[in-house]
Amino acid sequence: MTTAIIGTGAIGARLAASLTQGGESVLVAGRDLARTRELADQLGERATAATVDQAVDMADVLVLAVPFDAVKELVDEWGERLNGTIVVDPSNPIVPDGKGGFTKTLPEEQSSGSVVAALLPPGARLVKAFGTLLAPSLESEARREPNRRAGFFATDDLRAGDEVARLIRAAGFDPVPVGGIDQSLRIEVFGDLHEATLGRVPSVEEGRELV
């Protein structure tokens, strides 16, 4: 299957690096094609630069490593082109609060996962993953042995979940399902399973107990 990552920022670049280190081949795409090509060159032969449109059309698994508002805009723009695609959403609905922290942009009990699910066409297959960790932890906590760290994910599509679980392993974590998309709130910022709430990245054993 072809995996594409839209976004070359803190999350996208680190995730692409983790996946290629784990033996995955990825397409990397962004609005700035020069930056995209630079990132692909840095990552080596397992990474290929692509335009955003190329990534959308070629991907079996499409990771939207962009801010939450951009996720909403892109999903609205692409519409039916996402039918049949596994869409991975790591977004968190937050903005800086002006005091050194962050504030949520959605009502307290609403998750970005539920919003994105409502925007996607019926044929798209949504998995919430890779957003439970702070960006540096995607690199620093990967491949911890012997106590691998938990990689939480949520989905209503079991087969899509299996494919994303494989990518979680390739990225250096052990996958831990938390349930359907209605459980997304738990793995987003301010949720009880998010790194910022826990103050640490749990081992896979601890993660299973927390779920």
Side-chain angles (χ1 to χ4, degrees), residues 4-19 28-32 35 39 52 61-78 82 86-120 124 126-142 149-156 164 167-168 171 173 175-202 207 210-211:
I5 299 174
I6 306 291
T8 57
I11 295 291
R14 284 182 169 94
L15 180 56
S18 291
L19 288 174
V28 291
R31 298 296 190 190
D32 184 340
R35 165 61 184 149
L39 176 60
V52 172
V61 181
L62 187 67
V63 182
L64 303 182
V66 297
F68 175 59
D69 286 344
V71 170
K72 293 190 293 182
E73 292 172 4
L74 292 173
V75 167
D76 183 62
E77 175 186 339
W78 297 328
L82 296 175
I86 298 173
V87 177
V88 181
D89 171 30
S91 71
N92 283 289
I94 55 173
V95 293
D97 63 4
K99 304 175 183 177
F102 293 90
T103 186
K104 190 171 179 177
T105 60
L106 290 175
E108 184 176 345
E109 296 304 318
Q110 187 176 31
S111 69
S112 61
S114 64
V115 172
V116 174
L119 293 172
L120 286 168
L126 178 63
V127 182
K128 188 76 182 178
F130 296 117
T132 309
L133 304 177
L134 301 175
S137 296
L138 279 171
E139 181 178 1
S140 64
E141 297 298 320
R149 300 301 191 246
F152 296 112
F153 70 97
T155 186
D156 296 329
V164 174
L167 294 178
I168 291 170
F173 298 86
V176 178
V178 302
I181 291 299
D182 62 349
Q183 297 300 305
S184 294
L185 199 65
R186 299 189 68 192
I187 60 176
E188 295 176 8
V189 169
F190 306 123
D192 67 300
L193 297 178
H194 194 277
E195 178 185 357
T197 302
L198 291 170
R200 64 192 184 284
V201 180
L210 289 169
V211 170

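Here the structure is a predicted model, which is why all the values come from computation and not from measurement.
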Next item on the list: Could you tell me the separation between the CG atom of Asp89 and the CD atom of Glu188, rounded to the nearest 0.5 Å?
Entry: 7.0 Å

Check: Short question: side chain of Lys128, backbone of Ser91 - any donor-acceptor pair under 3.5 Å?
Finding: yes

Item checked: Backbone of Val95 reached by a side-chain donor or acceptor of Thr105 within 3.5 Å -> no

Item checked: Evaluation steps, side-chain contact (heavy atoms from CB on, under 4.5 Å), between Thr155 and Val164 -> CA-CA 10 Å; Thr155 186; Val164 174; over 6 Å; no

Margin query: Are more than 12 heavy atoms, taken from residues, nucleotides or ligands other than Glu77, located less than 6.0 Å from that residue's CD atom?
Written below: yes

Checklist line | 4.5 Å side-chain heavy-atom contact, Asn92 and Phe102 | finding: no

Check: Yes or no on side-chain contact (heavy atoms from CB on, under 4.5 Å) for Leu185 and Phe190, after CA distance, side-chain angles and deciding distance?
Finding: CA-CA 8 Å; Leu185 199 65; Phe190 306 123; over 6 Å; no

Margin query: Distance check, rounded to the nearest 0.5 Å: Gln183 atom CD versus Ser111 atom OG?
Written below: 9.5 Å

Check: How far apart are the closest heavy atoms of Pro96 and Thr103, and which atoms are they?
Finding: O-CG2, 4.4 Å

Item checked: Ser112 vs Val71 side-chain heavy atoms within contact, under 4.5 Å -> no

Next item on the list: Would you indicate whether the side-chain heavy atoms of Ile168 and Phe152 approach each other to under 4.5 Å?
Entry: no

Check: Are Val189 and Lys104 close enough that some pair of their side-chain heavy atoms sits under 4.5 Å apart?
Finding: no

Check: Minimum heavy-atom separation for Ala154 to Ile181, with atom names?
Finding: O-CD1, 3.5 Å

Margin query: Is there a side-chain contact (heavy atoms from CB on, under 4.5 Å) between Ile5 and Leu15? Walk through the geometry before answering.
Written below: CA-CA 8 Å; Ile5 299 174; Leu15 180 56; 4.1 Å; yes

Note to self: Please enumerate all residues that pass side chain to side chain contact (heavy atoms under 4.5 Å, CB included) together with Pro67, with sequence neighbours excluded.
What the structure shows: Ala70

Check: Taking all atoms of both residues into account, what is the closest heavy-atom pair of Ala13 and Thr8, and its distance?
Finding: CB-O, 3.8 Å

Margin query: Is the shortest side-chain heavy-atom distance between Leu167 and Phe153 below 4.5 Å?
Written below: no

Next item on the list: Take Leu210 and Leu198, measure what side-chain contact (heavy atoms from CB on, under 4.5 Å) needs, and give me the verdict at the end.
Entry: CA-CA 10 Å; Leu210 289 169; Leu198 291 170; 4.1 Å; yes

Notebook entry, point to check: Taking all atoms of both residues into account, what is the closest heavy-atom pair of Asp97 and Lys99, and its distance?
Noted result: OD1-N, 2.8 Å

Check: Just by modelled atom types, is the Leu193 backbone N or O under 3.5 Å from a matching donor or acceptor in the Thr197 side chain?
Finding: no

Note to self: Using every non-hydrogen atom in the two residues, find where Gly113 and Ser184 come nearest and quote the distance to one decimal.
What the structure shows: CA-OG, 3.8 Å

Margin query: Does any part of the side chain of Asp156, heavy atoms only, come nearer than 4.5 Å to the side chain of Leu126, both counted from C-beta?
Written below: no

Check: If every non-hydrogen atom of Phe130 is compared with every non-hydrogen atom of Ala171, which pair is closest and at what distance?
Finding: CE2-CB, 4.1 Å

Item checked: Check: His194 and Leu134 side chains under 4.5 Å, non-hydrogen atoms -> yes

Next item on the list: May I ask you to test the Val116-Leu64 pair for a side-chain heavy-atom distance under 4.5 Å?
Entry: no

Check: Roughly how far, to the nearest 0.5 Å, is CG of Leu74 from CG of Asp69?
Finding: 11.0 Å

Next item on the list: Without swapping roles, check the side chain of Ser140 against the backbone of Pro136 for a donor-acceptor pair under 3.5 Å.
Entry: yes

